[in-house]
Each structure stands twice: as C-alpha cells, then as structure tokens.
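What follows is a single structure, written as structure tokens, with notes after it.
To find a chain, count down the sequence lines: A is the first, B the second, and so on, and within it residues start at 1. Bear in mind the structure is a predicted one, so any value in this text is a computation, not a measurement.
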Amino acid sequence: MPEADVVEPWNDPGATPLIRIEGVSKRFGEFTAIDDISIDIYGQEFFALLGPSGCGKTTLMRMLAGFETPSDGRITLDGQDMAGVAPNKRHVNMMFQSYALFPHLSVWENIAFGLKRDGRDKGKIAARVDEMLKLTQLEKFARRKPHQISGGQRQRVALARALAKAPKLLLLDEPLGALDKKLRQDTQFELMDIQERTGTTFVIVTHDQEEAMTVASRVAVMDHGQLVQVDTPERIYEQPNSVYVADFIGDVNLIEGRAVVSDNTVELAWAEGRPAIAGQSVGTLANGDAATFAIRPEKIAISRDEPTERNRVQGKILDIGYLGNLSTYHVQLPEGPVITCEVGNRSRVSRRDFTWEDEVWLSWSDTAGLVLGS
Amino acid sequence: MKRIFTAVPYLWLLVLFLVPFLIVMKISLSDYAISIPPYTPTLDFSGGWQAVRDFFGALDFENYVFLTEDDLYWKAYLSSLKIAIISTILTLLVGFPIAYGMARAPDEWRPALMMLVILPFWTSFLIRVYAWMGILANEGILNQFLLWLGLISEPLTIINTNIAVYIGIVYTYLPFMILPVYASLERMDPSLLEAAEDLGCSRVSAFWNVTVPLARPGVIAGCFLVFIPAVGEFVIPSLLGGSQTLMIGKVLWEEFFSNRDWPVASAVAIILLLILIIPIVLFQRQEQLAREVDQ
Amino acid sequence: MRRMSAFNVVSLTLGFAFLYIPMVILVVYSFNASKLVTVWAGFSTKWYGELIRNEAFLDAAWVTVKVGVLSSTFATVLGTMAAYVMVRRGSFRGRTLFSGMIYAPLVMPEVITGLSLLLLFIAIGLDRGVLTIVLAHTTFSMCYVSVVVSSRLVSFDRSLEEAALDLGCTPFQGFRLVTLPIIAPAVLAGWLLAFTLSLDDLVIASFTAGPSATTLPIKIFSSVRLGVSPEINALSTIIIGLVVSGVIVASLVSKHRIAARSAEERAAID
C-alpha cells in the first residue's frame, strides 16, 4: 500500500543507504550469534531490530557501535568501512539499556561528557548541553546527580547524552525496558517526536513487538541469529512471511493442514469432510504441501446464525475474556482446534450476546487470512 | 592501556615474589658455609658455562635429608599441624554460636555487631596477643580472679604452654571464622526452619538437618582461613608458648636468625609450603564451587 | 521483630566479652601507677609520659608511619591495576601465573615471604632499611588491595565504561574519568587495609628491616618478649584508641551518606 506522500527510501532503487550490513556473521567459539545478515538502513529511518532474547539483535547493534567485530562480512557507515574503527572514533552513539549514566557526574556533566572529549570550546559545549536539556525537558534537573532523578528522567538524560554529539546514527538498546507500562507508552511518542525533530537515524533493539511496531519505520524480525523478515510494521503484521513472524507479532490463530492449489487461489484442507478454507498465499506452495493457515483474532466475526461467507466454522464457546475495549472468545471446534476471536465493544451493552457453551459460527473473508508454508 | 596495567604489577610480582621464591628453592639445595653470604655455592656467571655446570652440580638435597634425620623438624611440623587443627576446631566451637547469634539478632543490630567483630581485626595483631600475656601469667589476672573465687588454691600454669597458644590463636583468628559462617547463616531464609518444624522436625533436628548443611560452605571457608595461617604462625607461639611449644614458624625463625643456617631455613620453608599446598588447593576448589553455586 | 532466644543472647554476650575484655584490661592497666602489671596501685598517666620521652619508640613510630604511607600508596596503585587486569582483561598469555602470584601471598606464611624477600635483597646487594621494608610491604599488601578492588569491579556496570568509549574517550580517559571515580571508595578501602597491614606487620618487617630502620612492631616485640611492660600497655591503648575512633568515625560517615542517598532516591521518584 505505498502512498505518494510517504517517504520510503527502501523502495527507491536510486537511494543510497546510510548503513550497509553485508553478509555479516559473528561467532563466539562454536556458537554462531549472527548468521550471514545483510540489511540496508537509510538516513532518517527509525529502524527496529526485534526478536526474543538470544536472537542476536544486541550483538548486531554492538557491532554497529564497535564493541564487537564481525567474524565475516562488512559494515559500512556513510560509505566508510567500519572495520578497525574504534568505538570512540565512530560517529555513532548509543543509549544503553542500563542507561549507563555516570553516577559521579551531574545531569549537565553527563550530557557534556562526549562534547568535552571532542575538545570544543566551553561556550559551544554549554550551548549544546542547554539545547539538549531543552529538547528533553530536563532544564530543571541539570545540576542533579543520576540517583536524584526518576527513572523516566534518567532515560531522557541517557537520550540527551547520546544525541549531544549529533551522531550520524543513534543506537538504542531496549531504551524503554526499565520503565513501567504507562510511562513507556508516553515515552514512545516522545522518542518518535525527538527522532523526527533531530532528523537522526535511530536503530532500536527491542524484544517488545508493540514497541517496535509503534516507533519504527521498518522492523527487522530476527530469530537464532538470522533475519526472518524486514518490512514496515503494517506489512509485518498483515503480511508476515512465515509462521514465526505471524506468531511473534501480535495474536494469531494457526490451523495446520495441506495446501490445495488451483489456478489463482490457495486453500487449506484442514479436516476430513470439511470444506477447505481460503486465504492469501505467501510464497510458492504446491498442491499437497504442509501449510498453516494464519488469521488474526480481530478479523474473525462471531454470530449465532449461520453466516453466508464461504469460510465458516461452527464451535462451542469455551471461554470469554472481557478486556474493556474488547471481548475475546475462545471457541472450541469439534475437530480439535480452539479459535480465538476478538470483538470490539463499541456500545455499552450490559447484556452479553453470547455465553459459555453457546453454539456459535465463526466466519471471515477470503483475504482475511494467510496460507503460509510450514 | 591494558598492556601497561598488566606489565607493571606483573613485573613487580615477578621480581619481588617469584624470583625470591626461586632463590629460596636454590638456597635450600646449597650447603651451609661460614662466609658471606653463609651458603655455597654462589652462582658466578663470569666463570662461563663451566661455572654454571659446577654450580648446578654442587646443589643437592642434603638439607632435606638432614630435616628427615633430625627429629626436631618433623616433630615441629607435626606439632604445628596438631596445634593448627586443634585451634581451628576450638575456633569453630567458639565462633559458630557467635555467628549464629548474630544471624538471629534483630536486623537493626546486625551492622553494629558486624562492626564489633571486624574492629579487633583493625587493631594490632601483636597487641592482641600481648594482651593475653598479662592475663595468663602465673600471677596474672585470670589466676588472681580464680583464686579470689576460690576455685583454685594454687595458680594455674597456662602461659608458656600449648593451652596459651590455643587461646591466642582462637582469640586472634576468631573474626576469620565468624565472618564467613555469619555470611552463610545470614543468607538463610528463617522460614526454612519454620517449614522444617512444620514438617515434623524438633528444634534440634531442624538445626542439624537445615541450619548446619546450609552453613557448611561458611564453616569450611572459616576453617581454612584459620588453619592455613595458624600452621605457619610465629608471633603467638613465641609470646605465649613455652620452650616445649614446637611450631615450624618459630623453628624457621630461629634457624635463620640464631643459627644463621640459611640453607636449612630455606629447606624448612619449602617443606612448609608443600604441606600447605594441599589445604590451599582444597580451599580454592571450595571457593570455586561456592561461586558456581551462587551463579 | 523476632525475639532472640536466651541461648543466642548468652552466646553473643560471652563471645563479645571474650573479644573485648582482654583489650579493656590492657587499657585499664595502662593507667596503673605500679610497674607491676598485676597489682593495682592507683590511677596514673605516668607511663604515657615515659612513652612520649622514649625516643626509640618515637623513631620507630615515625619509620612505621613512613613505611605505611609509602607502601600502601604503591600497593594501591599496583593492586588497582592488577584488579583491573584480572576483572577486565580476558585471557592473555601468562594469566595463570599472574593470578597465581596475586593470590599466593594471601595464603603464604609470613615467615616464608619475609625470608624469601630478605634472600633477594641480599642476592642483589640492597642494603636493608626503609626502602626494603617498603618494597616488601608493597608486595604482600598489593594482593589484598587487588582483592578488595576486584570485588568492586566485578559488580561494576560494564556499560559505563562502554558509554565512555562510545562518547569518544580513549580507554585510558575512560579509566581515569569514569572507572576510577566510581571505584574510588573501594580503592580507598584498599589503601586503608594496606596501611593497617603495614602498621601491624612484625614478621616480614623483622626479616627486611636493617639496623638503620626499626618499626614499631619490631620494637614492641623485642620489648614484650621480656614480659609485660606498662609502657607497652600505654602504647597499645593509644593504638587501640586511634583505631576505634577511626573505625567509628568512618562508619558514622558512611551511614550518614547512605541515609542521605536513599532519602534523595526516594525524593526522586515521580
């Protein structure tokens, strides 16, 4: 769904990436942390590396910062090969997961720390620090020590310190991991706002898929040192290229079966004597291949009467979860699978439409689900 | 930077720790001589290769043979080990109840109790040993007190006996026992004892079946911390012990300063180290295990 | 709050009585007018007067302090470097020997350390005096310093050092501007430990001291070998007094700082 006014340099064959990661691997002894990864990241992108812990995302980020060296492959920043360039010589700054604020220095001195290393004159340093304090709304706390400010403020100091040197690339290692949920949501939008205002390229490492989806222009999903999918958040969610991505991002119902391929449609035969279910196909599937049908809970409709859609199944309500803004139904099909469907609670209804043990129909359109190779 | 940080202390230790140690080994293989320095041979590189060969040819294990022949030495080794073992056990018996009491004390007392245990460690070791000289003397405070109580009719002879040495070692090394035992008892969750009693243990059997096994790493560490230095102790036997108190540290000192027999003193030192290597290696293995369990 | 059992109260009381009564007796008898330690002949401070007029003791005290300050300063520099290498530097050639040489002096009997150093000084023809004691004390106390400092470095958040590099520091600048200020309390504790060890040492000093330099423990030892003396009681009282007041002041200061810090941390939560 590319639109004309959205900048998508990754779809522009003429654009030059800011960072090129080309065939990079990293091995620690016998263990392969990064397995032959290639990614291009463009200027002013907000790029997220997403995956469970141990997937290699942090190692990849540390190679960008210069704390690890690739065993194989090449990383270039702005056309310059980064091999052999020490961390203190790179125009890359990092916001650490623990924030790594120097406990013996005040907020002001923390932000000025990197600037002083460049040997700029005092007036310029002071002006830049004040600018950073203003950007992160920390003016009042300039003279406090890190232990005298709250967690959210510390996070902002770490950001201001890393941005102060105006790096070409800012790396953020789980930047919001230490904050509580409410603060995290506010801070996500603040981060996006600051990224936009400074025009810096951000690479964020996170295991929180919601966070990655909210802030990033593109998300790279990683697993066991390999890159699974690199795409915009919408496409990652709507068009996952594998069961792994579909399952990792958001909630999904997975039904296993065999592909039934005809001229221009792909269907999934999932149970004896039941009509096959249709969905968009991803990748090439041959007739009879093992496949998985994936559908998001919110794309499923629930009704008491038999619907007219081709994709419909009948089952019994096993469980109902009321979450305020929406309700979740777990429906047990006689063939075995339990399907989850979500229905938004648009109006304040005191009376429930469905209750436990009710026989209900579930249905969805032909384009709502995906048939993925297993 | 890491190279410099490695090189400086490395060189220092090579010159002032390893080389001296090698010199001790070499002298232990030399012969006593009335000269300066009082041993032979001395290495003379100006003599060339032949001199070096002669030098090594003149080294022998004579001093070690001498140590086995003169029963003074092996008696001293055995007696050092005996004194160290007995005093380690005594220190454990005295230290465990104190550590246990500290671990069961109210939280707000504990820092103060800790400080009271550590404080003597900062005061002079020599002074703490000396303090007992006045107490244990024949006309000392302890005897006066016991006579006054009427418990004894004649002063006890304690000073210049092994008993005085035991008291001295227990007293000066007590903090080394209390601290590790306390550390392991303090970490113990008190609800474990309640759980044990809930499951049918009596107080005493809960102590044996829960507290003691959990305190074991601390007890073992404490025993090594007392035993290892006690074997080579010099100050305590020479101030509190008598002429019949044989401890190897004292023998070495006298061999060196009074007899000026450096080769024998060096051989005594080497054997002492060999004896200590077993407990030291055991101790390090124990610490390693404890660290692994922690992780 | 748990109530302490009678057994615990008794064992703590007896235990601390055992630890402290000998020192209390020493202090009390330092004010005894009689030369006989066992007979109380009234309160007097005359032994303190004698002590101050005793030049041999004053000289020895001066040598001891000089040796203590010099050796603990060297030991702190060397021990901190060694701790940094042990904790931060991965494997390198000779690491096993290095860690062996760092930990061995901790378990080495003092008589052996002293003997081996003396034999070295004789072999290289170094005259025994203040210098040789300083060298000897530095060598054995640097190991204690490195143990104290490395236990602090182990719990040190490594990303602080990485942040310093990331912001443009050279490794040495990172050490000077970030690592050192943060581990400073442990370095200071290491210095104090080294200083105390040096002040307290008799055996190694006896081997490495020459006729030109006698330390206080050597002086005390040679005097108490002959028996209890009221002057030594007075000297002991002074030493105990200094140590006790030093430890109490230090613990009050650190308690105050911890309290102030936790109050600030509580105030910072928004």
Please flag which part of [X] lies under 4.5 Å from any non-hydrogen atom of chain B: side chain, backbone, both or neither.
| X | value |
| --- | --- |
| Ala123(C) | side chain |
| Leu135(C) | both |
| Phe207(C) | both |
| Ser236(C) | both |
| Tyr84(C) | side chain |
| Ser206(C) | both |
| Val244(C) | both |
| Ile239(C) | side chain |
| Phe221(C) | both |

Please identify, among [options], the residue contributing the most non-hydrogen atom pairs under 4.5 Å to chain C.
| options | value |
| --- | --- |
| Leu272(B), Ile228(B), Val94(B) | Leu272(B) |
| Phe125(B), Phe234(B), Phe17(B), Tyr10(B) | Tyr10(B) |
| Gly249(B), Pro120(B), Gly232(B) | Pro120(B) |
| Leu225(B), Leu239(B), Ile248(B) | Leu239(B) |
| Trp132(B), Tyr100(B), Phe224(B) | Trp132(B) |

Using heavy-atom distances under 4.5 Å, tell me whether [X] contacts chain C through its side chain, its backbone, both, or neither.
| X | result |
| --- | --- |
| Ile280(B) | side chain |
| Leu113(B) | both |
| Phe283(B) | neither |
| Ile135(B) | side chain |
| Val117(B) | both |
| Ile118(B) | neither |
| Leu276(B) | side chain |
| Met102(B) | both |
| Pro229(B) | neither |
| Ile27(B) | side chain |
| Arg203(B) | neither |
| Glu233(B) | neither |
| Ile127(B) | both |
| Ser266(B) | both |

Please list, one pair per line, the donor and acceptor atoms closer than 3.5 Å that link side chains of residues 101-115 of chain C to other protein atoms, with sequence neighbours excluded.
residue   : atom : partner   : partner atom : Å
Thr113(C) : OG1  : Pro109(C) : O            : 3.4

Counting only heavy atoms not in [X], do more than 12 fall under 6.0 Å of its [atom1]?
| X | atom1 | result |
| --- | --- | --- |
| Phe145(B) | CZ | no |
| Leu226(C) | CG | yes |
| Ile124(C) | CD1 | yes |

[X] side-chain N/O to [Y] backbone N/O, donor-acceptor pair under 3.5 Å:
| X | Y | value |
| --- | --- | --- |
| Tyr144(C) | Ala75(C) | no |
| Arg89(C) | Arg95(C) | no |
| Thr208(C) | Ala136(C) | no |

| task | Let me see the working for Val281(B) and Arg285(B) under side chain to side chain contact (heavy atoms under 4.5 Å, CB included), right down to the final yes or no. | result | CA-CA 6 Å; Val281(B) 168; Arg285(B) 195 166 297 169; 4.0 Å; yes
For chain B, which candidate among [options] shows the most heavy-atom pairs at distances under 4.5 Å?
| options | result |
| --- | --- |
| Phe16(C), Phe140(C), Phe7(C), Phe92(C) | Phe16(C) |
| Thr80(C), Thr170(C), Thr196(C) | Thr196(C) |
| Ile240(C), Thr139(C), Leu26(C) | Thr139(C) |

| said: Quick one about Ser34(C) and Asn32(C) (side-chain donor to acceptor, distance below 3.5 Å, no hydrogens or angles considered), yes or no? | reply: no
| request: Before giving the answer on side chain to side chain contact (heavy atoms under 4.5 Å, CB included), spell out for Ile98(B) and Met177(B) the whole-Å C-alpha distance, their side-chain angles and the decisive distance to 0.1 Å. | output: CA-CA 10 Å; Ile98(B) 301 177; Met177(B) 182 64 84; over 6 Å; no
| task | For Ser245(C), enumerate each residue passing the side chain to side chain donor-acceptor pair (under 3.5 Å) test, keeping only those at least two apart in sequence or located in another chain. | result | none
| remark: Rounded to the nearest 0.5 Å, the CH2 atom of Trp262(B) sits from the OG atom of Ser28(B) at a distance of 14.5 Å
